[in-house]
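These notes are about the structure you will find just below.
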There are 2 protein chains.
Amino acid sequence: MENQQPPNSANNAVGQPPGGGATFQPLYEQIKALITRSLVVGEWGPGELIPSEFELARRFGVSQGTVRKAIDALAAEFIVVRRQGKGTFVATHTAPTHQYRFLRIRADGADLDSAKHHPRTIFVGLQKAKADSSSAAKLALRLNQSVWVISRLLVFDDRPLIFDEIVLAQSGFPNLSMEKLVASRGSIYSFLETAYGTRMVRAEESIKAVGANKLAAKHLGVPVGTPLLSVDRVAYSYGDKPVEWRRGLCLTDGYSYYNDLA
Amino acid sequence: MENQQPPNSANNAVGQPPGGGATFQPLYEQIKALITRSLVVGEWGPGELIPSEFELARRFGVSQGTVRKAIDALAAEFIVVRRQGKGTFVATHTAPTHQYRFLRIRADGADLDSAKHHPRTIFVGLQKAKADSSSAAKLALRLNQSVWVISRLLVFDDRPLIFDEIVLAQSGFPNLSMEKLVASRGSIYSFLETAYGTRMVRAEESIKAVGANKLAAKHLGVPVGTPLLSVDRVAYSYGDKPVEWRRGLCLTDGYSYYNDLA
DNA sequence: GAGTGGTCTAGACCACACC
DNA sequence: GTGTGGTCTAGACCACTCT
């Protein structure tokens, strides 16, 4: 073979080889960052096929094994999905199995894998509002910046169980309307992905037990003061950018919030 | 080098090389199972150093890279912990940072990493009981099998926040006593590890919002009916063996249950 | 310096999907 | 068959820890 390059040779598309810099960062981390960057700028959209490992290896001037490690890391975070024999795809919320990936509420008897009949969504309202200190902090916005507030009800087996209020910056999601939401017929995240190209990659939740307020009591059909789960969520897109803040009030009668601790 | 072996040669301590069997299982999965087996039988106890990657590779007749992949998987499940330059250790709950690894309750303002001041434990009671249908199902016991029921209070910043009732099979944990529990001065899991060699590797929780019953109200110092988190947990040891079932009733006033969704 | 985990490469072959 | 991801090996060198 001609033009054989020694390992870690200088014709490297990425930064310092290991040991070369003051702050050591493995090559595969750099490759991962480069691939993430391509995802951020939209070189490959949700659901699309990304180049093969060998092709990326050629592009970045590293070995296939190194690209592999980078993609392994991305796959572990569900940012991409590998499919043997087919290729590696940008992950998406539109697939039925992943539409409610972040939803941890299940019927008590239900097997965690099968029988997860998805909820039905009823949109209650869409309002323009100004970010208060709380939502500004959680979404990294300026105070009084324009936001959308979406109210909706999640109905499981014909029982309204969750009343959600969802906050999004208007700047990131222009021309939102009740019609579009209703027409989307699926999860919010699936809609944001197809309509705006924004994909949520992870979320943080913090949960409290509260008594139902008047609004929630009305929507959920229970007396004021009924114990509910209050689930606060901040959802992040690529690069840990906070995009959505929501608070769900959830009736846990016959249903529970499931969590795996590892 | 003499005695060089071709790749995938027959002198293989483990089963079929890839492609050899009807149901394909990667070599590193088999190695992982072998290492897990050694953990189950106690060849290396919690906190102990396991043999180096090269040594295990020699023992199992595979390459170091394959052992590495097996250990990677175990490390991802926090079953072992790698420490560069030192070796790989069996994970433990005794280290201060890991003592309350499964505890997801944090003060509201608290940084998730720092400032996680640990709770103080007050043991309330230890009773002998018979497994009812619920605990028998969750712990894979026979009905009426003898169990321990431990009651305790977790105190955060001088405020009692969690009232736990913990169920363990007596067969697995003989000669338990209030004195030993009180003397252990730490988390239950840390105690079970040092006293019985049983290590919890993962847990499943299911959470509801409930009103405080009389017992919980008394211990937590709140009115009956106060909204509380009811956190059910089944904890598993090596090989997905269910070992502990508990129900915690938790006051979420200034504190929340945190969860990362990925 | 010796030993351990961590990274990177190169090449072989297997499993799977699509043509 | 061709191309993709998946597994396995072998060897080199780096980073870290302890002696």
Whole angstrom value for the distance that separates [atom2] of [N] from [atom1] of [X]:
X: B:Leu74; N: C:dG5; atom1: CG; atom2: C1'; value: 15 Å
X: B:Gln64; N: C:dT7; atom1: CD; atom2: C1'; value: 11 Å
X: B:Asp72; N: C:dG5; atom1: CG; atom2: C1'; value: 10 Å
X: A:Phe24; N: D:dC14; atom1: CZ; atom2: C1'; value: 7 Å
X: A:Gln30; N: C:dC8; atom1: CD; atom2: C1'; value: 12 Å
X: B:Leu56; N: C:dG3; atom1: CG; atom2: C1'; value: 15 Å
X: B:Phe89; N: D:dC18; atom1: CZ; atom2: C1'; value: 12 Å
X: A:Glu29; N: C:dG6; atom1: CD; atom2: P; value: 13 Å

Which heavy atom in A:Tyr196 sits nearest to a heavy atom in A:Asn175, and how many Å separate them?
->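 Here A:Tyr196 and A:Asn175 meet closest at OH-C, 3.9 Å.
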Looking only at non-hydrogen atoms, find the nearest pair between B:Asp108 and B:Ser256 and report the distance.
-> OD1-OG, 2.7 Å
Over 12 non-hydrogen atoms of neighbours within 6.0 angstrom of NZ in A:Lys180 |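 For A:Lys180, atom NZ is crowded (more than 12 foreign heavy atoms under 6.0 Å).
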Below the 4.0 Å mark, does [N] have OP1 or OP2 next to a side-chain nitrogen or oxygen of [X]?
X: A:Arg82; N: D:dG6; value: yes
X: B:Tyr28; N: D:dT7; value: yes
X: B:Lys69; N: D:dT7; value: yes
X: B:Arg68; N: C:dG5; value: no

Main-chain N/O of A:Ile71 paired with A:Tyr28 side-chain donor or acceptor, under 3.5 Å = no
For the pair A:Glu204 (side chain) and A:Arg233 (backbone), establish whether a donor and an acceptor sit closer than 3.5 Å, ignoring hydrogens and angles.
-> no
Test side-chain hydrogen bond (donor to acceptor under 3.5 Å, both in side chains) on A:Gln99 and A:Thr94 and set out the steps.
-> CA-CA 5 Å; A:Gln99 246 195 84; A:Thr94 55; over 6 Å; no
List, with names and distances, any nitrogen or oxygen atoms from the protein found under 3.5 Å away from nitrogen or oxygen atoms belonging to nucleotides 2-4 of chain D.
residue	atom	partner	partner atom	Å
D:dG3	N2	A:Gly85	O	2.9
D:dT4	O2	A:Gly85	N	3.3

Is the gap between the ring centers of A:His93 and A:Tyr100 under 6.0 Å?
->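 So the answer is no for these two rings.
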